[in-house]
Each structure stands twice: as C-alpha cells, then as structure tokens.
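Predicted model, so just to flag it, every value in this text is computed and none were measured. When reading the values below, keep in mind they use all heavy atoms of this one structure, side chains included, and skip hydrogens, waters and symmetry mates. For ligands, and for the atoms within them, numbers begin at 1 and follow the listed sequence.
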Amino acid sequence: MSISNDLPVFNAMRAELKRQQNSLELIASENFVSEAVMQASGSVMTNKYAEGYPGRRYYGGCEHHDTIEALAIDRAKELFGADHANVQPHSGATANFAAYSAIIKPGAKILAMDLDHGGHLTHGSKVNFSGRLFDVVPYGVNEETHCIDMMKVAALAEEHRPDLIVAGASAYAREIDFAAFGKIAAEQDIPLMVDMAHIAGLVAAGVHMSPVPYADIITTTTHKTLRGPRGGLILCRKSRAKKLNSRVFPGCQGGPLMQQVAAKAVAFGEALDPSFKAYAAAIIENARTLANTLLERGVNLVSGGTDNHIVLLDLRDSTVSGAEAEAILESAGITTNKNKIPFDPEPPTITSGIRLGTPALTTRGMGQAEMEKIGTWIADILASPEDSRLQETILNEVEKLCGDFPLYPSRRL
Ligand code: DSN
C-alpha cells in the first residue's frame with residue numbers, strides 16, 4: 001500500500017511540502033536536507049534493532065548496520081577532529097542527558113547559560129530534567145554589550161566551584177569564545193561541556209572557533225547548520241569514550257534509530273565535501289546582510305549585529321510583541337519564532353524578541369540581494385503591523401521569490 005492510500009496523512013504531508021516550498025524559512029534552528037539524506041532517513045534501515053555498537057550488538061543480522069554506523073562515526077571524527085564520536089543519540093536533549101550522566105551525578109552543581117539570556121532548556125531550566133536533577137548556577141550576557149560576560153563566568157566558577165561548566169546557546173548571535181571557557185575550566189580544574197547544536201555546521205566548516213581542543217565533551221544536534229537529519233551526536237576525548245557510550249546505550253536509550261544514523265553518515269559525508277565550507281561562509285554573510293538591512297531601517301538587534309547564523313530582533317521599543325510579530329510575519333509567508341531576549345520584561349509565551357536565522361534560505365541558494373529584500377520586507381511589516389494589505393502584497397512577493405529558488409522540485413511528498 002502506498003502512502004497516498006492514507007489520505008489524511010498524505011494530504012498533510014503534501015501541504016507541508018508546499019508550505020516549505022512557498023514560504024521563507026527563517027527559523028534559525030531549521031534547514032533543508034539533501035535528497036540523499038532523506039533517502040537514507042526513509043529507508044529499510046528503519047526495520048531493524050541494533051542495540052549495542054558496531055561489532056558488539058545484541059541482535060543478529062546487524063552487519064550492514066555496523067558498516068553504516070562505523071562510517072558515521074569515522075566521518076564525524078574526521079569532520080570535527082575529535083577522538084571519539086557517538087552517533088546514536090535520538091536528539092540533542094538526549095545527547096545532553098547522556099553527556100551529563102557521563103560526567104556528573106544528580107545533585108551536582110552546573111554553571112550554564114541562562115535560558116532567558118539565550119541558553120537552552122537542557123542547560124538547567126527548572127522545567128527540564130537538567131534543572132530538576134542539578135543545582136544550577138546561571139551565567140548570562142552583559143547588559144550593555146549583550147555578549148557573554150566571561151569575567152563573570154570566571155568569578156562564578158571560582159565562587160561556586162561547579163562540578164561542570166556548560167557552554168553553548170540557542171539564541172546568541174555572537175561567536176562563543178571556547179578558548180576562554182577552556183581556560184577557566186582548566187585553571188579551576190572543572191570539566192567543560194559544550195553544546196554546539198546551533199553552530200555545528202559553522203564549526204565543521206572552520207568559520208566558527210571549534211570547541212574540540214578545549215572541551216571534555218561536546219554535544220550537538222545534526223539538523224541545524226550541520227544540515228543533517230533530526231538527531232544528536234556526542235564527541236569526546238578518548239579517556240571518556242567508554243563511559244559515554246555506556247551512558248547512551250544502555251544508559252538512556254535502547255535501539256538506535258538506524259535510519260537516522262544512516263542519514264547522519266550521509267550528511268557528515270556532505271559536510272566533508274569542500275563545498276560545505278562555502279555554504280557555511282554564505283550562511284554568515286547572509287546573516288550579516290540581513291542584520292545590516294534591519295539596522296539601517298532602525299530595527300534594534302540584540303548585541304547590535306551577528307557573527308553567526310542568528311539575528312535576534314529586540315522589539316522592546318516596538319508596538320508589537322514577539323508573539324504578535326511572529327504571527328504577522330507568518331501571514332506574509334515569513335516563518336520565524338518569537339524568542340526571549342536578555343532582560344526581557346515579557347514571559348516566554350509573549351516575549352520581546354524575534355529570532356531569525358539564515359541556514360535554510362542559504363541552502364535554497366539565496367544570497368545577499370535576497371537578504372536585503374527580505375530584511376526590507378520584515379522592517380516594512382514591523383513598521384506597519386496593522387497593514388494587512390501590505391502583508392498580502394509581501395506574501396505574493398515571497399511566493400515569487402520562492403519560485404526563483406526551487407526546493408525539492410521533483411518531489412511529490
Ligand atoms: N529548539 C531548538 C532551537 O530552536 O533552538 C534548540 O534545541
């Protein structure tokens with residue numbers, strides 16, 4: 001039976017393909033994978049249990065799974081210059097759970113970036129396992145510069161003597177100084193964990209400082225700037241490899257999703273191709289152009305610009321909240337997400353921020369001219385949020401622009 005026999009699912013999937021094709025995807029954590037990655041992800045690899053690791057499985061018939069997982073591991077190690085890679089985490093959150101449990105125990109103290117300043121739920125938020133299991137000391141950004149206050153990080157580490165320092169962010173537009181984190185961690189003899197989920201593709205391409213020389217353990221998702229399938233990945237030093245593997249399986253997962261492991265292998269292969277460096281550099285150039293266009297139109301940006309793929313709009317002086325801005329941009333075919341900004345007076349359901357990111361549109365082939373156009377549309381919409389005719393006009397322009405940069409032109413689903 002084909003999926004077209006299951007009409008409710010088929011229709012929703014077709015509608016989603018059209019939505020992706022006809023709108024501007026500016027969510028900073030999203031991207032469009034290649035046909036090859038999708039083929040691996042929707043393959044026979046989904047039919048098999050492969051608990052264990054290559055050569056050491058708890059099920060028979062795993063020889064081809066061994067080949068593929070070993071390829072994914074070798075490619076991840078080569079891509080990041082790491083000693084060891086575990087490619088099995090189902091997600092970034094699971095990767096973080098396994099990484100924490102390889103280094104610390106419940107009740108341990110962690111020093112991590114505050115969610116409200118751009119950190120991640122799994123870095124100690126009270127509503128997440130990390131905030132429930134660990135005693136969390138948050139650090140944040142400087143009120144003037146909106147950059148991570150490294151002096152404060154050092155002082156907090158000295159004062160609180162955490163069992164682990166966590167670096168990494170979900171809504172931070174500036175380069176993270178992993179060398180500075182590494183220095184603090186080394187001087188105070190505290191292990192360092194880096195969650196590079198947002199910037200993994202930039203790190204792989206060498207356009208963002210790599211955490212590999214400085215961190216004991218590094219986690220990431222594979223689907224953001226790295227442009228792979230949805231999933232997680234952990235890198236670590238050789239000395240931590242055995243324990244880490246046991247914390248992933250059987251520690252917090254059973255059978256790995258081998259179709260995703262296969263898709264990760266394909267994506268890592270793509271990221272090893274020299275063309276990926278040009279892609280990652282273009283992501284940053286596009287973000288800079290988008291940021292400059294918005295700044296020229298008087299839109300405030302957190303930290304005043306960007307060094308990476310993220311542009312974070314500060315709407316505190318605007319007539320619309322983050323939630324309202326997300327909705328009106330969506331009605332013009334521009335997909336974004338509301339986001340808390342540092343020192344935000346609004347709750348997470350409202351927010352005073354909009355987070356934009358350029359990885360997906362860069363994959364579509366859009367460049368600086370398109371970023372100027374899109375920045376102008378966003379500024380126009382935010383300047384006249386009640387003007388629904390303007391939103392309609394821009395929606396038509398967005399559809400035309402998307403038509404010039406076809407996405408999956410031969411796909412039906
Ligand atoms: N939810 C992701 C993001 O959008 O940044 C982080 O995991």
Asks: For residues 132-144, dump all side-chain donor-acceptor pairs below 3.5 Å to protein atoms at least two apart in sequence or in another chain.
Replies:
{"unit_1": "Tyr139", "atom_1": "OH", "unit_2": "Val166", "atom_2": "O", "d": "2.7"}
{"unit_1": "Asn142", "atom_1": "OD1", "unit_2": "Glu144", "atom_2": "N", "d": "2.7"}
{"unit_1": "Asn142", "atom_1": "OD1", "unit_2": "Thr145", "atom_2": "N", "d": "3.0"}

Asks: Please indicate whether Glu158 has more than 12 foreign heavy atoms, meaning atoms of other residues, nucleotides or ligands, lying under 6.0 Å from its CD.
Replies: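 Counting neighbours around CD of Glu158, 12 or fewer heavy atoms of other residues, nucleotides or ligands fall under 6.0 Å, so no.
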
Asks: Please identify which of these residues, Asn128, Thr94, Asn96, meets the side chain to side chain donor-acceptor pair (under 3.5 Å) condition with Thr122.
Replies: Asn96

Asks: Is there a side chain to side chain donor-acceptor pair (under 3.5 Å) between Glu346 and Ser321? Walk through the geometry before answering.
Replies: CA-CA 8 Å; Glu346 299 293 346; Ser321 67; over 6 Å; no

Asks: Taking ring-ring contact (aromatic ring centres under 6.0 Å, His included) as the cut-off, I'd like each qualifying pair that reaches into residues 66-91, sequence neighbours left out, listed once.
Replies: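 Every candidate ring-ring contact (aromatic ring centres under 6.0 Å, His included) pair involving residues 66-91 fails, so no pair, neighbours aside, qualifies.
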
Asks: Do any nitrogen or oxygen atoms of ligand 1 lie under 3.5 Å from a protein nitrogen or oxygen, and which ones?
Replies:
{"unit_1": "ligand 1", "atom_1": "4 (O)", "unit_2": "Ser29", "atom_2": "OG", "d": "2.7"}
{"unit_1": "ligand 1", "atom_1": "4 (O)", "unit_2": "Arg355", "atom_2": "NH2", "d": "2.8"}
{"unit_1": "ligand 1", "atom_1": "5 (O)", "unit_2": "His198", "atom_2": "NE2", "d": "2.7"}
{"unit_1": "ligand 1", "atom_1": "5 (O)", "unit_2": "Arg355", "atom_2": "NH1", "d": "2.9"}
{"unit_1": "ligand 1", "atom_1": "7 (O)", "unit_2": "His120", "atom_2": "NE2", "d": "2.9"}

Asks: Any pair with a residue in residues 203-247 that passes ring-ring contact (aromatic ring centres under 6.0 Å, His included), sequence neighbours left out, goes on the list, sorted by first then second residue, please.
Replies: Phe178-His208

